[in-house]
Structure formats: structure tokens, C-alpha cells
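Shown next, in C-alpha cells, is the structure this report addresses.
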Amino acid sequence: MLDIKLIRENPEIVRNAIKRKHTNVDLEMILELDKNKRELQTRIEKARSDRNKLSKEITKASVEEKASIISEVEKIKEFLKEAEPRFNDMEKELNYQLLLLPGIPHETVPDGNSDEDSIEIKRVGDIPEFDFEIKDHLEIGKSWFDFYRGAKVAGSRTVYLKGIGALLEQAVLQLALNHLLEKGFTLFSVPQMVKEMAMEGTGFLPRGQEECYFLERDERYLIGTSEVPLVSYHADEIFSAKELPKKYAGFSTCYRREAGAAGKDTKGLYRIHQFQKIEQVVFCINDLEESKKWHYELLNNAEEILQLLELPYRVVIVCAGEMGLPQHFKHDIECYMPGRKNYGETMSCSTMHDFQARRLNIKYREGTDLKYCHTLNNTAIATPRILIPLIEIHQQKDGSIYLPRALRKYMNNREKIERED
RNA sequence: GGAGAGGUGGCCGAGCGGCCGAAGGCAGGCGCCUGCUAAGCGUCUGAGGGGAAACUCUCCGAGGGUUCGAAUCCCUCCCUCUCCGCCA
């Protein structure tokens, strides 16, 4: 959500953001609507003010004066009866339109509309030289990932993780979780069915309707990330400045319809409807330097987890057109996936500025001022996607899989996974 | 699912037709006092919107209604708590 005053006073900033994020919203219509709304508001408030005054006078009025006051109030009420619903409709429409406006990308965010326009800023870790014919994760894990039964029972893009596959999933989750606990994050297990308010407040609705599962009978949405319940956790609350930052780690299953991705990444673990994720969420004060600091800390935490998993990766600055509606600044971390012969996104780190805090009304008190918080989030680990590079990178010539040192204690202390035929 | 109680400012809590945007307390800001700390004294402090300003409107869980006038009365819904039942 953007500040309506910013929109009124600096429409060109908003216009530019709309263009850069390749959004379609009619800003001129919004400005016009806002103007009309305020005009009507002035008239309504004048009428209400008159009515309130007359009502106060009535206590000390004589009997005949009362009759005339009442008839005058009747006239005012008649006007309000007509004008108020009209005003409410305008306000509702305006609020809806405002929900469609994108967050403003930081000026350093590159323009562009596709992955190629994003800027790689670093590569970490070596891509191993395989002196044998490599297998992709499906081949390596053919007995651990059961897509056939997944489809039979739950439809396409669904998988059973079985045996080692399920164990690996738990292991990477544990590793990431412990890493965040060491960094002082508070772990949350969150509701996975939420009200519209939480989806809207975090910016996944009203745009993004197609991407969410909705339980019609109970009017609940399945979350696509624990960011939704975690950020909404503090909706309508006011922190004191010294309580901030809040560092939260959310664990949940995530549900995504992948509506816009028909035919894309149809094979394997890369893009499925349901997965597990630990997410980092930070609430901090409304200060760009401060949120930048936390942004890089979140980014660093994720990188450290990949380093613990001994996976080669690169970090990119995501271009404006590829960013989500709320985001102000965003990095993706991509792991090298030998089976794809390319890097694939495994984590995504975003600064939301006060976009979500405005929608959810999350503030803090600083002296006598109330200010909107900044919110940030980044993946800590998302599985099973992360298993793709994990087993592809660590596959050995003899068919076994090397287990990174940090992961072993979560895998019953084994050093590798033996080939099984 | 059944029965009862309740939802008021950052928090607790009084108010039950106009004098109430709301007593009192806590917390916080400022000032005084104190060798330091604690205590004490005084004082200020709800939020959101419109307007250049004066000023004004809205908000006491949400939405309707009654009334010249609603935190207060009526209806509907939501939520929380207690007891009972059922059950992972």
C-alpha cells in the first residue's frame, strides 16, 4: 500500500513504479476518484457538523423551537441518506484501486522484464567437474521421489518423498532451523489457512488470486509462504521502538497453484504445488539504512546455509519487472543444478519497505511519533527444491551421494548415501 | 455442538441515552526534587481522515436499526473466556 499523499503529491513517482513493474493500473482514474471523493466528503462533513450542532441545541430549546429544529435535521438526514452510500462506494472503489498499486522499487533496481535483466553480483563455491556421466535428481532419487503415486493420489505436480528423500527433507529443515536459532530468531509454527485480510495485507491479494488455493466453504486461503501469517501476526499492533527488530523464523507447508506456469518446469521437484519452507521475517524501524542492514543479514544467513550444504550458488539483484507487487528491493539466490545445466532459484530475499506494514497497520512508537515498520523476508530453506542441487552436486562416480559435514548429524551421522540398486 | 460471561485508548479498567473521545490506574514524554539509583511531586499523552488555516468529521469487536441525539437501547454476525458434550 502506498501513502495516498505520496500519490497525490508525487504522481510521477508512482507512475514510474507502475511502468517499471509492468503493472496495469489507471493512476489518472485513481487521482480523479480521490479528488471526487474528497469533494463529497467535505459536503457530507458539513452536513454532519450542522446536524450535530442542532442536536446539541435541542436540549435547551423551547417546545416550538424543537419542532423546527427537528424538521431541519430531517432535511439534513435526507441529504445524508443519499450521499453517504455514494461516498462509501467511492471509498471502497478507491481502496480497491490502491491495493493494486505496486510498491516502489529502489532506484538502484535495474529495469527489465525477465531473468536476463537481473544482475548477477557474485558466485560462490565451485561447480564440480564430473568425470563421469551425471544423472539428474530424478534419476538419482528414483526410489525416493514418487511422482507416479503423487499424480495418482493428488494430481500433477505432486510428489511423495519416501525413505531417504523424506529423511533428507527433514535433515535440511533441521539444519536451517538450527542455524537461525543460533542467530537469535524465534521459531514459529504458523496457521496455514488464513483469512483474506492476511493475504491482502502481505500483498498476495487481490492480484495473485489465481496463484492461491481458496477454501470456499470456510473462506480461508492456503498460504504460499509462512511470510503471510508471520507478518500478519502483528497486524494492528504498535511496537515501541526498542522492541524492534523482531526476528522470526516461520515453518510451514506452502501451497501454490502455479497457475501461470503451465508447461514450465513440469518435470521433477523444481515446481510443485506443495512444499516445506522455513522463512526468515524481520520487522524493523522505518529507516532505509536499518532495513538495508537487515536485508543483507537475511541474505547472509541464507548464503551460510548453502555453504553448510556445500552448494555452489550465485546471487542476483532482481530487476523491477520480475519483482513482486510489494517489493522494494530483492535478491535471488540461485544454486547450480547440474541436471538443468544452469542455476535455479532456491531463495529469495526481499525488502518490502512499509508496503506490508501500511496494509496491515503495523506501527511503532518513536518519541511521540507513530511510524509504519519496515518488513523483510528471505527463505532459509525450501524443500524439496533444495534437494535438487544437493543430490545432483554431491553425486559420486560410484553412485553414492556425499553428505556435507554439517548435514550428517541430521542423517544419523552417515557420511554418504550408498548407491542402492 | 449445547449453556453462560464478555469484547472500551499502548495495556488494565469504569461508564449503560445528551455534561463521554471517554473516569481511574499502569506505561510513556517533559519539568522539579534527589550526591547516584529507587521513590516522590507537578504536567502532558488515543487513533484515522478532510482542510492553507480556523476548524471539522469518523472511530468504544463488525454490520444494520431505533432516536433530534447511541459506547450506552434493539437486531444480525464475528471473536475471546468459563462450564458441559464429542474427538484427533
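Note that the structure is a prediction, hence the values are computed from the model and not measured.
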Using a heavy-atom cut-off of 4.0 Å across all strands, would you classify [X] as base, sugar-phosphate, or nothing?
{"X": "A/Lys242", "answer": "nothing"}
{"X": "A/Arg358", "answer": "nothing"}
{"X": "A/Lys5", "answer": "sugar-phosphate"}
{"X": "A/Thr59", "answer": "base"}
{"X": "A/Lys77", "answer": "sugar-phosphate"}
{"X": "A/Glu72", "answer": "nothing"}

When you measure from the centre of the six-membered ring of A/Tyr270, is the NZ or CZ of A/Arg340 closer than 6.0 Å and no more than 45° off the axis?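 So A/Arg340 does make the cation-pi contact.
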
Exercise for review: Measure from NZ or CZ of A/Lys416 to the centre of the six-membered ring of A/Tyr402, then state whether that distance is under 6.0 Å and the direction lies within 45° of the axis.
Suggested key: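 No, a cation-pi geometry is absent between A/Lys416 and A/Tyr402.
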
Any side-chain donor-acceptor pair under 3.5 Å between A/Thr383 and A/Glu169?
->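 Note: A/Thr383 and A/Glu169 side chains meet the donor-acceptor criterion.
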
Rounded distance in Å - [atom1] ([X]) to [atom2] ([N]):
{"X": "A/Glu237", "N": "B/G10", "atom1": "CD", "atom2": "C1'", "answer": "11 Å"}
{"X": "A/Glu366", "N": "B/G28", "atom1": "CD", "atom2": "C1'", "answer": "14 Å"}
{"X": "A/Glu45", "N": "B/C59", "atom1": "CD", "atom2": "P", "answer": "11 Å"}
{"X": "A/Ile238", "N": "B/C11", "atom1": "CD1", "atom2": "P", "answer": "7 Å"}
{"X": "A/Leu360", "N": "B/G48", "atom1": "CG", "atom2": "P", "answer": "16 Å"}
{"X": "A/Leu370", "N": "B/G29", "atom1": "CG", "atom2": "C1'", "answer": "13 Å"}

Give none if [N] has no partner; otherwise give the nucleotide forming a Watson-Crick or G-U wobble pair with it, both distances under 3.5 Å.
{"N": "B/C19", "answer": "none"}
{"N": "B/U67", "answer": "none"}
{"N": "B/C86", "answer": "none"}
{"N": "B/G4", "answer": "B/C81"}
{"N": "B/U43", "answer": "B/G29"}

### Query
If you check every side-chain atom of A/Arg38, which of B/G69, B/U58, B/G50 has the closest atom?
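The closest nucleotide is B/G50.
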
### Task
Just compare B/A47, B/U58, B/C68 and give me whichever is closest to any side-chain atom of A/Ile58.
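Among the listed nucleotides, the one closest to the side chain of A/Ile58 is B/C68.
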
- Query: Got a second to check how far A/Leu370's CG is from A/Phe239's CZ, nearest 0.5 Å?
  - Reply: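 Interatomic distance, A/Leu370 CG to A/Phe239 CZ, rounded to 0.5 Å: 12.5 Å.
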
